[in-house]
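Shown next, in structure tokens, is the structure this report addresses.
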Amino acid sequence: MIHLESDYNNGAHEAVLRHLVETNEERTQSYGDDCFSEQARAMIREACEAPDAQIWFLAGGTQTNATIIDCVLQPYEGVLCAETAHINVHEAGAVEFTGHKVIALPAHEGKLAVGELRAWLTAYYADDTAEHMVRPGMVYITFPTELGTLYTADELMALHEVCKQYGLLLYVDGARLAYGLAASPDVTLPLLAQLSDVFYIGGTKCGALCGEAVVFPNGDAPIHMLSRIKRHGALLAKSRVVGVQFEALFTKVNGEPLYMAIGRQAVTLAMQLRSLFVERMGYQPFIDSPTNQQFYIIPNDNLERLRKSIGFEVWCPVDECHTACRFVTSWATTEEEIENLGLKAF
């Protein structure tokens with residue numbers, strides 16, 4: 001069976017595991033002051049073309065979102081996002097638990113529309129009672145979105161300009177960033193660093209056992225950031241465990257960081273999976289995703305047969321006879337698995 005339920009149902013890339021073993025006996029400082037974390041930060045700065053960037057390593061995505069959003073917002077501020085955003089749907093109220101309201105706007109294939117964002121902000125600041133409302137302090141987006149779609153460079157630029165106009169921070173959740181960058185024709189790490197105030201480079205879903213790298217590209221993280229992270233219970237004593245992994249992920253292989261290469265591999269295999277489903281089986285995409293998350297409309301009569309060969313996630317009903325399902329490739333998916341799937345499932 002091929003498991004395509006998610007991109008975090010595996011262990012870690014062999015290069016990551018090998019580096020963890022190779023460095024295991026070395027003694028280092030704790031709480032991110034180790035040489036491996038410092039080297040990983042230097043590699044990330046180089047890849048982002050952001051020499052002044054401040055970088056922090058946290059354990060997981062929800063922990064990162066709740067911590068960073070709470071650290072950078074004032075107590076009376078909220079965060080704007082698409083209604084399908086991870087912080088609004090699948091994080092069990094983690095952001096609200098810190099005291100910040102999540103303000104959801106309409107989603108268009110998982111994305112915020114800059115015109116609607118501007119209209120909401122215009123209406124907010126025109127309201128004489130605005131001081132009695134939750135003040136917007138941040139715009140949150142994901143790259144890729146929850147539906148595997150991508151913002152273009154122009155869309156990111158437009159969001160950046162709106163945030164700049166209204167004094168908002170732009171925060172990019174990069175849990176699946178490797179796959180988004182691999183699929184995008186015009187968004188790069190340097191561009192992301194240029195247009196966002198803070199973002200994170202996902203490791204958990206992109207080849208690491210665990211860990212995310214939070215990047216403040218302009219070097220303007222809140223003061224006493226280590227204390228703030230610790231106050232949220234998010235400071236790893238053995239932060240080197242994440243630093244070592246990112247050092248491996250950003251080591252160059254054939255001229256590019258491993259992180260980029262494994263992202264591209266997953267997207268390539270996702271496109272092969274698309275060929276199987278669309279061309280051979282005649283299934284229609286539920287949404288046109290260019291990334292490792294693929295969504296297809298499956299006749300209900302076929303669901304049980306597919307489950308014998310593929311692990312996948314039921315997404316939502318389409319009608320009485322059809323269901324939208326999600327199939328996710330990852331750094332660990334192999335070409336042989338996709339080929340065997342074509343032989344067995346169909």
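What's counted below: heavy atoms across the whole structure, side chains too, no hydrogens, waters or symmetry copies.
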Give a yes or no on whether the backbone of [Y] and the side-chain of [X] come within a donor-acceptor separation of less than 3.5 Å.
{"X": "Asn88", "Y": "Glu83", "result": "yes"}
{"X": "Glu5", "Y": "Glu313", "result": "no"}
{"X": "Arg240", "Y": "Thr23", "result": "yes"}
{"X": "Glu212", "Y": "Gly203", "result": "yes"}
{"X": "His160", "Y": "Leu195", "result": "yes"}
{"X": "Gln39", "Y": "Gly243", "result": "no"}
{"X": "Gln265", "Y": "Ala261", "result": "no"}
{"X": "Arg176", "Y": "Glu146", "result": "no"}
{"X": "Ser289", "Y": "Gly148", "result": "yes"}
{"X": "Tyr179", "Y": "Gln293", "result": "no"}

So which atom in [X] and which in [Y] form the shortest heavy-atom distance, rounded to 0.1 Å?
{"X": "Leu269", "Y": "Thr334", "result": "CD1-C, 3.7 Å"}
{"X": "Ala270", "Y": "Thr329", "result": "CB-OG1, 3.6 Å"}
{"X": "Thr145", "Y": "Thr142", "result": "CA-OG1, 3.0 Å"}
{"X": "Ser37", "Y": "Gly32", "result": "CB-O, 3.7 Å"}
{"X": "Ala213", "Y": "Ile55", "result": "CB-CG2, 4.3 Å"}
{"X": "Cys163", "Y": "Leu170", "result": "SG-CB, 4.0 Å"}

Salt-bridge present ([X], [Y]; N to O < 4.0 Å):
{"X": "Arg41", "Y": "Glu38", "result": "yes"}
{"X": "Arg274", "Y": "Asp288", "result": "yes"}
{"X": "Glu256", "Y": "Arg264", "result": "yes"}

Nearest 0.5 Å, please: how far is [atom2] in [Y] from [atom1] in [X]?
{"X": "Leu112", "Y": "Thr84", "atom1": "CG", "atom2": "OG1", "answer": "8.0 Å"}
{"X": "Ile310", "Y": "Arg305", "atom1": "CD1", "atom2": "CZ", "answer": "9.0 Å"}
{"X": "Lys252", "Y": "Asn254", "atom1": "NZ", "atom2": "CG", "answer": "12.0 Å"}
{"X": "Ile44", "Y": "Glu247", "atom1": "CD1", "atom2": "CD", "answer": "10.5 Å"}
{"X": "Glu161", "Y": "Leu156", "atom1": "CD", "atom2": "CG", "answer": "12.0 Å"}
{"X": "Cys81", "Y": "Ile141", "atom1": "SG", "atom2": "CD1", "answer": "11.5 Å"}

For [X], look at atom [atom1] and say whether over 12 heavy atoms of other residues, nucleotides or ligands are found less than 6.0 Å away.
{"X": "Tyr8", "atom1": "OH", "value": "no"}
{"X": "His108", "atom1": "NE2", "value": "yes"}
{"X": "Glu22", "atom1": "CD", "value": "yes"}
{"X": "Glu131", "atom1": "CD", "value": "no"}
{"X": "Phe97", "atom1": "CZ", "value": "no"}
{"X": "Arg231", "atom1": "CZ", "value": "no"}

Side-chain heavy atoms nearer than 4.5 Å, only ILVMFWY residues, links allowed to pass through others: does that put [X] and [Y] together?
{"X": "Val72", "Y": "Leu80", "answer": "no"}
{"X": "Leu236", "Y": "Tyr200", "answer": "no"}
{"X": "Ile68", "Y": "Val102", "answer": "yes"}

Considering residues at least two apart in sequence or located in another chain, which fulfil the side chain to side chain donor-acceptor pair (under 3.5 Å) criterion with Arg135?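 For Arg135, no residue satisfies side chain to side chain donor-acceptor pair (under 3.5 Å) once neighbours in sequence are set aside.
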
Name the orientation class of the two ring planes belonging to Phe36 and His19 (parallel below 30°, tilted from 30 to 60°, perpendicular beyond 60°).
perpendicular

Q: Kindly assign one of parallel, tilted or perpendicular to the pair Trp120 and Tyr124, based on the angle between their ring planes and the thresholds 30° and 60°.
A: parallel

Distance flag, aromatic centroids of [Y] and [X], threshold under 6.0 Å:
{"X": "Phe327", "Y": "Phe277", "result": "yes"}
{"X": "Trp315", "Y": "Phe286", "result": "no"}
{"X": "Phe199", "Y": "Phe143", "result": "no"}

Sequence neighbours excluded, which residues qualify as side chain to side chain contact (heavy atoms under 4.5 Å, CB included) partners of Ala42?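 Testing Ala42 for side chain to side chain contact (heavy atoms under 4.5 Å, CB included), a comparison that skips the adjacent residues, returns none.
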
Q: Report the C-alpha separation of Glu335 and Gln272 in whole Å, then their side-chain angles, then the decisive distance to 0.1 Å, and conclude whether the side-chain contact (heavy atoms from CB on, under 4.5 Å) test is met.
A: CA-CA 9 Å; Glu335 190 167 352; Gln272 292 182 19; 3.9 Å; yes

For a side-chain hydrogen bond (donor to acceptor under 3.5 Å, both in side chains) check, start with the C-alpha distance between Tyr171 and Asp197, then their side-chain angles and the critical distance, and finish with the verdict. CA-CA 6 Å; Tyr171 172 41; Asp197 295 286; over 6 Å; no

Practice problem: Just do the side-chain hydrogen bond (donor to acceptor under 3.5 Å, both in side chains) check on Asp70 and His232 with the steps written out, would you? | Solution: CA-CA 9 Å; Asp70 190 34; His232 285 79; 2.5 Å; yes

| task | Take Asn340 and Ile2 through the test side-chain contact (heavy atoms from CB on, under 4.5 Å) and record every step on the way to the result. | result | CA-CA 9 Å; Asn340 289 337; Ile2 177 173; over 6 Å; no

Q.
Quick check: do His86 and Tyr140 have side-chain heavy atoms less than 4.5 Å from each other?
A. yes

